[in-house]
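Each ligand, and each atom within it, is numbered from 1 in the order the structure gives. Just so you know, these numbers use all the heavy atoms, side chains as well, and skip hydrogens, waters and symmetry mates.
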Amino acid sequence: MSGSILVFAEQRGGNFNRTAFEALAAGQQLGRALNAAVVAVVLGHKIEGLATQLAEYELGRVIQVDHELLAEYTPDAYAQAMEQVVRAVAPQHVVLPHTYLVRDFAPKLAARFGRDLISDCIRANVNGGSPVFTRRIFLGKMDADVVADGEPPIFVTFQAGAYRADQATKGTAKCEVEKMNVEVVEPRTKPEPAFQEVKQAVDLSKAEVIVAVGRGIKSQENLALAQKLAEALGGEIAASRPICDAGWLPIDRQIGSSGQTVAPKLYVALGISGAIQHLVGMKNSGTIVAVNKDPEAPIFDIADYGIVADLFEVVPTLIEEVKKIKGE
Ligand code: FAD
C-alpha cells in the first residue's frame with residue numbers, strides 16, 4: 001500500500017446520510033486505483049454506534065473523534081478536529097461529500113494546510129498513477145479535468161449521486177476503531193436548532209422504480225397515464241423541473257440538480273429531453289428507459305433502452321404488457 005485516503009463520513013443528529021456512504025464508495029474506488037489504504041473518520045459526541053457501523057466496511061481503520069463540543073456542528077470545532085485528524089493520518093487525499101456542512105468548513109480546513117480544495121467533483125480517474133478529478137463547469141455544459149500539482153493532502157469533495165452509496169463495500173471482518181483525542185476550543189458560534197426541512201411526502205432516493213415525466217406529457221391531466229405505469233411497475237412518479245415549476249407535481253418529486261438525486265433500479269423517462277441539470281439527478285440509476293419523439297434527445301445518450309415514439313402511444317402498451325407479465 002502506498003499512502004492513504006481519509007474519508008469524512010458525515011453524520012447529523014447521530015445518523016449517517018446517504019452521502020457519507022457515497023464518499024466511502026468514492027474513497028474505496030480511489031484507494032483501489034492508487035493502492036492506498038482507506039481510513040474513515042466520524043466526528044461527534046456519543047458516536048460509538050456510528051463508528052461500529054463504519055467498521056463493517058472494507059477500510060484500513062475507522063477513527064472515532066468524540067468531543068462534547070462536536071455534539072452540534074460548528075465550522076470552528078469541525079475544522080479544529082479535522083485538522084488534527086488530517087495531521088495524524090497524513091493522507092494523500094481527503095475525500096468529503098459535497099454537502100452544505102462540508103462546503104461550510106472544508107475551505108477553512110484546506111486553508112489551514114495551505115492546500116487547494118477540488119470541490120463538487122463528479123468522478124475521479126487514475127491516469128498513470130495520478131488522480132484526475134472531473135468537475136462540471138458553466139452550468140454543466142462542460143467538464144473540467146483537474147489534476148492537483150501541490151503536495152498532499154489534497155482535499156476533494158464529490159457531488160451527491162456521483163458515486164452510489166450501495167457501492168461502498170463491506171469488509172469480511174470488522175476493522176479496527178481508533179478513538180482519537182482532539183483538542184477543541186470553544187467555538188465562536190453557537191448553533192441554533194438545525195433547520196428542519198419541510199417533511200417530504202416521499203423519499204424518492206429509496207424508490208426502486210421511478211417513472212419520471214417531462215414537458216412531453218403536455219398537461220396535468222395526462223399525468224394519470226404516467227401514474228398508471230408507475231403503479232403497474234410498483235414505483236413512484238417523479239418529474240423534470242418544468243412540471244414541478246408549473247405546480248403539476250409537488251417540488252419533492254423533482255429530479256435533478258435543484259431537486260432530488262436518485263439511483264433506482266429502474267428509471268423510466270417519459271418526454272424528458274435530458275438536460276444536464278436533470279441527468280445529474282438520475283444518471284446513476286440501474287437501468288434507464290427513455291421514451292421520446294426526438295431521436296436526437298440527449299436522454300438517449302445515457303439510456304439503456306430508448307424508444308423513439310410518441311409516449312401517448314407507447315405508455316398504454318407498456319402498462320398492458322406489465323400487467324400481463326404480472327398476471328393481472
Ligand atoms: P424539454 O426540454 O422541453 O423536453 C421535453 C421533451 O419531450 C423533448 O425532448 C420532446 O422531444 C419530448 N416530447 C414532446 N412530446 C412528446 C411525446 N408526445 N412523446 C414523447 N416525447 C415527447 N431540470 C430538471 O429536470 N431538474 C432540475 O433539478 C433542474 N434544475 C435546474 C437548475 C438550473 C440552475 C437551471 C438553469 C435549470 C434547471 N433545470 C432542471 C431545467 C433544465 O435545464 C431543463 O430545462 C429541463 O430539465 C427540461 O425539462 P424537460 O426535459 O421536461 O423539457
Side-chain angles (χ1 to χ4, degrees), residues 18-19 22 98-100 103 119-120 122 135-144 158-162 197-198 200-205 207 210-230 233 235-264 266-285 288-321:
R18 192 166 42 90
T19 55
E22 291 178 3
H98 194 74
T99 57
Y100 288 120
R103 273 183 251 185
S119 63
D120 210 10
I122 54 164
R135 313 176 62 233
R136 289 259 138 100
I137 54 172
F138 298 126
L139 274 179
K141 290 205 164 42
M142 290 177 85
D143 287 350
F158 285 99
Q159 201 174 85
E197 286 188 23
V198 180
Q200 291 187 340
V202 57
D203 181 3
L204 291 177
S205 67
I210 290 178
V211 175
V213 291
R215 230 179 333 219
I217 198 78
K218 305 271 193 291
S219 74
Q220 189 169 16
E221 295 70 57
N222 293 336
L223 286 176
L225 183 65
Q227 182 70 52
K228 271 191 200 153
L229 179 60
L233 290 167
E236 293 285 349
I237 191 157
S240 65
R241 180 165 164 173
I243 302 303
C244 298
D245 282 352
W248 295 356
L249 278 175
I251 184 81
D252 56 13
R253 301 231 170 220
Q254 180 179 317
I255 306 296
S257 58
S258 43
Q260 293 206 42
T261 301
V262 295
L266 174 64
Y267 192 91
V268 184
L270 304 175
I272 292 178
S273 59
I276 187 66
Q277 293 87 3
H278 188 80
L279 300 189
V280 294
M282 46 65 75
K283 64 181 170 23
N284 284 325
S285 303
I288 299 169
V289 178
V291 183
N292 198 305
K293 280 201 304 199
D294 174 7
E296 303 294 328
I299 190 81
F300 289 129
D301 295 342
I302 62 152
D304 299 286
Y305 297 95
I307 306 172
V308 181
D310 186 331
L311 73 91
F312 297 103
E313 287 171 20
V314 170
V315 176
T317 316
L318 282 178
I319 296 169
E320 250 173 58
E321 292 301 316

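- For ligand 1 and Asp310, the ligand atoms under 4.0 Å from any heavy atom of the residue are 17 (C), 18 (N), 19 (N).
- Of all atoms in ligand 1, numbered sequentially from 1 with element shown, those under 4.0 Å from a heavy atom of Ser258 are 27 (C), 28 (O), 29 (C), 30 (N), 31 (C), 32 (C).
- Considering backbone and side-chain N/O of Ala275, none are found under 3.5 Å from N/O of ligand 1.
- Legend: residues meeting side-chain contact (heavy atoms from CB on, under 4.5 Å) with Glu313, ordered by chain and number and at least two apart, are Asp310.
- Between Gln260 atom CD and Ser205 atom OG the span is 6.0 Å, to the nearest 0.5 Å.
- Closest to atom 8 (C) of ligand 1 by heavy atom, among Val308, Ile307, Asn292, is Asn292.
- Closest heavy-atom approach to atom 7 (O) of ligand 1 within the set Ala297, Ala290, Gly271, Pro298: this belongs to Gly271.
- In summary, the atoms of ligand 1 found under 4.0 Å from a heavy atom of Ala309, numbered by their order in the structure, are 19 (N), 20 (C).
- Looking at ligand 1, you won't find any N or O of Phe312 less than 3.5 Å from one of its N or O atoms.
- With His98 contributing its side chain and Arg103 its backbone, the two residues share no donor-acceptor pair below 3.5 Å.
- Taking every non-hydrogen atom of Gly214 and a distance limit under 4.0 Å, the qualifying atoms of ligand 1 come out as 52 (O).
- Annotation: the span from Ile272 atom CD1 to Tyr267 atom OH amounts to 4.5 Å, rounded to 0.5 Å.
- Atoms of ligand 1 lying under 4.0 Å from at least one heavy atom of Ile255, given by number and element, are 24 (C), 25 (O), 26 (N), 27 (C), 28 (O).
- Ligand 1 lies out of reach of Gly281, whose nearest heavy atom is not under 4.0 Å from it.
- Atoms of ligand 1 found under 4.0 Å from any heavy atom of Asp294, numbered from 1 in the order shown, are 11 (O).
- Each of the atoms 46 (C), 48 (C), 49 (O) of ligand 1 lies under 4.0 Å from some heavy atom of Pro242.
- The shortest side-chain heavy-atom distance between Ile299 and Leu279 falls under the 4.5 Å cut-off.
- Closest non-hydrogen pair, Pro316 versus Leu225, comes out as CG-CD1, 4.1 Å.
- Considering only heavy atoms from C-beta on, Val280 stays 4.5 Å or farther from Thr261 through its side chain.
- Within the set Lys293, Glu313, Glu296, Arg215, the minimum heavy-atom distance to atom 20 (C) of ligand 1 is found for Lys293.
- The line from CG of Leu229 to CD of Glu321 is 12.0 Å long, rounded to the nearest 0.5 Å.
- Close approach of ligand 1 to Ile272 (heavy-atom distance below 4.0 Å) involves ligand atoms 51 (O).
- Nearest heavy atom pair, residue Gln254 against residue Cys244, reads CB-SG, 3.5 Å.
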